[in-house]
Amino acid sequence: MDKIYNHKGIEERIYSMWEKGGYFTPKIDPAKKPFTILLPLPNANDPMHMGHALFTVQDILIRYHRMKGDPALWLPGGDHAGIETQFVFEKYLSKQGKSRFDFDRETLYRMISEFVEKNKNINRDQMKRLGFSLDWTRYHYSLEPEIVETVLDTFRQLYKDGLIYRDERLVNYCTRCGTGFSDLEVKDQELEGLLYFINFPLLKGDFIQIATTRPETILGDVAVMVNPKDKRYKHLVGETVILPITNRKIPIIADEHVDMKFGTGAVKVTPNHDFNDFEIAKKHKLYYPPIIGFEGKMQNTKTDYDGLKVLIAREKILGDLKVKNLYAYAKKHHMVVKICYKCGKTLEPLPLPQWYVKTKPLAAPAIKAVKEGKTKIVPLKRFEKLYFDWMKNILDWNISRQIVWGPRLPVWYKVDGNEQRIWVSFLTQGSVKQGLVDQHLRDGYSFDEIVKGLQRLLIPIYENKNKQPEVYVGKKQPEDGLWIQETDTFDTWFLSSQWPLTTLGFPDSEDFRYFYPTSLLDTMWDILFFWVARMMMMGLYRAKEVPFKIIHLHCRIVDAKGQKMAKSRGNVMNPIDMVDKYGADALRFSLIFGAAPGSDIAISDDKIRGMRNFSNKIWNVGRFIKINIDNFKIQNIDISECGFKAHRSHLQPADKKILSQLGSLEKAVTKNIEGYRFDKAAERLYEFIWHVFADKYIEAVKERLKNNDQTALSVLKKVFDACLILLHPFMPFVTEEIYEKLNSDRKIPLIISSWPQV
RNA sequence: GGACCCGUAGCUCAACGGUAGAGCGUUCGGUUUACAUCCGAAAGGUUAGGGGUUCGAAACCCUUCGGGUCCACCA
């Protein structure tokens, strides 16, 4: 044995020994209760980050249960990660001077698919480097046909149950990414902006001054609004305003919604580009077409503003207002804009027909399940409160995304008779054609050509149901006449919300019957709403049973200064670099050690190095025992099994003491793992092995070993073996390696050795 | 605007009603062959401030200050 533990080479050899031995694959045994964890599926084409390394918690639980003899399944998978992946791919495309508009849907989809295939294994290999005992034979990818089929089936089921509907509402839309988002996916950005004060002329003469942060939307206004209690404006309600620039005449209306203290107390109303205004305009039945399009350019204004980008239009309009002497002044204004969580561009509220899931009926059972304790949230009660608050105030879920990377909604619209109601853009002979189907057909394109090159379709929602093209939701396109499939794809979370079902082979498979509901889900709290809450809803909806019994929320990893790791801060630490440098065991242990539940987990090079020193300490304790076994002058004693028993009567006080301390350690470690206090378990092990066993007991026993005291050697060996077992879930590599060296006669590797009975 | 969390050793955090601890860092002393990736020792805390409850408070309550998070709104 080397003087120093060198993890390189050893880790690889040990991992492949485990994998080849099939120890990660549990045997289904109806007589035993399984222990199951689903790996929160990482983005299949994303390399691992420190957050993923925290899945160590799951490995600890899995290894612990495996050693206890439970059929322990830790199920890995990869996510196609819709918008995330398409965004990465588009960046890659743009490096080659291309964009998504250069391809029809099918081609683009195929290209992204190949791109993901190429990168899929990176993440998998990295998980192995951490020593994760995942059952790779059960690996699933979120776009496997069987999985997608189940997901589509859920959609059809929801539709049948009246829990899916299509509606045209304002959606936060990213004009760069070309898609709308659900409310959850929107990020806020604070900035110092300007509040502009503008005079709107009144038809009867004089003017009313309004305040706005978005002067360009004047082009789409339908009213000026004041508070009915506002004495300053009471006499103006009902009057007519001549909208600057376009000279359109709009009314002054009164609504409680207006805050009299803000700005001038008079607000312009732009129905299609502001969430409140949208509601107000609906209430007052005021209509004007959207003046900003999906490319972020002005439209429908019938002025030379059409075609200008929003910010350019804003500058131009301010100039024009100044010329007309209607611009009063601007003042600094602290404001918050909504930005795309992916690319950071300011989102544009735009009216868009989208598919929604009615969430209230799904949330009710999910609330009940947690209330009744069918699913428990640990470690902190406060997350339970967060869960209830969100579930109770849940909004309907927009599941439409205008991207290609994901399964399309299994929805078809009838084309016959609706040629003038369906707008499509499609690619043909290298150029994009946009317009109504009717127009394309008259331009001489065949319907097949349109479908083949289809990029996107848009069908408004008509108040008059007779005008609405017939919708078909089913397994495949109806055979009578011409139909066109919805171009929207599913929100990624719609797929991942069903992961516990799909990955286990719902609706019917041996795995599903045996492993569902899973034992525990471990994840960070930031996706509690995105993912965990939705898995609860979908699991209960489809399987009538909760998807997991425990939700274990771990915390954020921060750097040594307590700062969040971010590329922009330059403090991102790559877990694989740390594994290379200090070993997987060291990294794993440093993520657990000192990581109290509910507080951030601070990690630094220094800390990992400290834990590497611990793995080396263990190595050297093993080395010391091995040297003594090899040099032992009394031959023919069986150290591995009987040595200890044979000499029980010869135990000295020091031996008895260490054995009793070991007993307490076994109890404490077991109790702390069961109570999800991995930090405490790790600290006890560290303290015992290093400062009790090594520093005290070994030092005390050295003289006896020189005198060939069998009892001393037996106790030494016994205590250390027990330590290796207890430590194995935390530091699997070094413990397995030493165990093998000390027990070369044994057939059973440490990974499946028995956990002590306590 | 609503809710929540955290202020304890230089740093990161424990202790959750009963003598304030650990890791890392710092200082001093050690090459007695398992380990210098080591061993031994030391320094370092009116537990953010104030008030209250209690025989006893870092812990429970009130309050001030400081740091952070989530949700809603933001014309």
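First the proteins, then the strands, lettered A, B, ... as listed; each starts at 1.
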Using a 4.0 Å heavy-atom cut-off across all strands, classify [X] as base, sugar-phosphate, or nothing.
| X | answer |
| --- | --- |
| A:Gly594 | sugar-phosphate |
| A:Ile601 | nothing |
| A:His691 | sugar-phosphate |
| A:Lys702 | base |
| A:Asn393 | nothing |
| A:Arg677 | sugar-phosphate |
| A:Val258 | base |
| A:Ala694 | base |
| A:Arg623 | sugar-phosphate |
| A:Glu687 | nothing |

Subject >> Results of side chain to side chain contact (heavy atoms under 4.5 Å, CB included) for A:Asp526 - residues two or more places apart only >> reply: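 Partners of A:Asp526 by the side chain to side chain contact (heavy atoms under 4.5 Å, CB included) criterion, ordered by chain and then number, come out as A:Met524.
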
Original post:
According to the interplanar angle, ranging from 0 to 90°, do the rings of A:Trp390 and A:Phe529 count as parallel (below 30°), tilted (30 to 60°) or perpendicular (above 60°)?
Top reply: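 A:Trp390 vs A:Phe529 ring planes: parallel.
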
Original post:
Has A:Arg248 got its NZ or CZ under 6.0 Å from the middle of the six-membered ring of A:Tyr288, at an angle within 45 degrees of the ring axis?
Top reply: yes

Rounded to whole angstrom, note down the [atom1] distance from [N] over to [M].
| N | M | atom1 | result |
| --- | --- | --- | --- |
| B:U27 | B:A43 | P | 16 Å |
| B:U32 | B:A36 | C1' | 15 Å |
| B:C16 | B:C4 | P | 24 Å |

Measure from the side chain of [X], starting at C-beta and using heavy atoms only, and say which of [options] lies closest.
| X | options | result |
| --- | --- | --- |
| A:Thr212 | B:A75, B:C70, B:C4 | B:A75 |
| A:Lys385 | B:C38, B:A3, B:C24 | B:A3 |
| A:Leu195 | B:C35, B:G25, B:A75 | B:A75 |
| A:Ala602 | B:A22, B:U12, B:C73 | B:U12 |

Original post:
Strictly under 6.0 Å, is that where the ring centroids of A:Phe200 and A:Phe207 end up?
Top reply: no

Original post:
Between A:Phe262 and A:His333, does the ring centroid distance fall short of 6.0 Å?
Top reply: yes

Original post:
So which one's nearest nucleotide on RNA chain B is more toward 5', A:Phe262 or A:Ile4?
Top reply: A:Ile4

Original post:
Between A:Lys3 and A:Phe275, who's closer to the 5' end of RNA chain B by nearest nucleotide?
Top reply: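 Mapping each residue to its closest nucleotide by heavy atoms, the 5'-most match is A:Lys3.
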
**OP:** Assess whether atom NZ of A:Lys360 is packed by more than 12 heavy atoms of other residues, nucleotides or ligands within 6.0 Å.
**Re:** yes

Original post:
Is any side-chain N or O of A:Asn613 closer than 4.0 Å to OP1 or OP2 of B:C38?
Top reply: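 Affirmative; the distance criterion is met.
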
**OP:** Enumerate the residues from residues 615-622 of chain A whose closest heavy atom to RNA chain B is under 4.0 Å, giving them by residue number; use none for an empty result.
**Re:** A:Asn616, A:Lys617, A:Asn620, A:Val621

Subject >> side chain to side chain donor-acceptor pair (under 3.5 Å) partner of A:Trp397, the single match among A:Asp183, A:Thr359, A:Asp491 >> reply: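 It is A:Asp491, the one option of A:Asp183, A:Thr359, A:Asp491 that forms the side chain to side chain donor-acceptor pair (under 3.5 Å) with A:Trp397.
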
**OP:** Verify the stacking flag for A:Tyr686 against B:G23: centroid separation must be under 5.5 angstrom and the ring planes must differ by under 30 degrees.
**Re:**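 A stacking contact does not exist, since A:Tyr686 is not both close and nearly parallel to the base ring of B:G23.
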
Original post:
Sequence neighbours excluded, which residues qualify as ring-ring contact (aromatic ring centres under 6.0 Å, His included) partners of A:Phe278?
Top reply: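 A:Phe278 satisfies ring-ring contact (aromatic ring centres under 6.0 Å, His included) with no other residue.
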
Original post:
For the side chain of A:Glu699 and the base of B:A34, is some donor closer than 3.5 Å to an acceptor across the two?
Top reply: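 Yes.
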
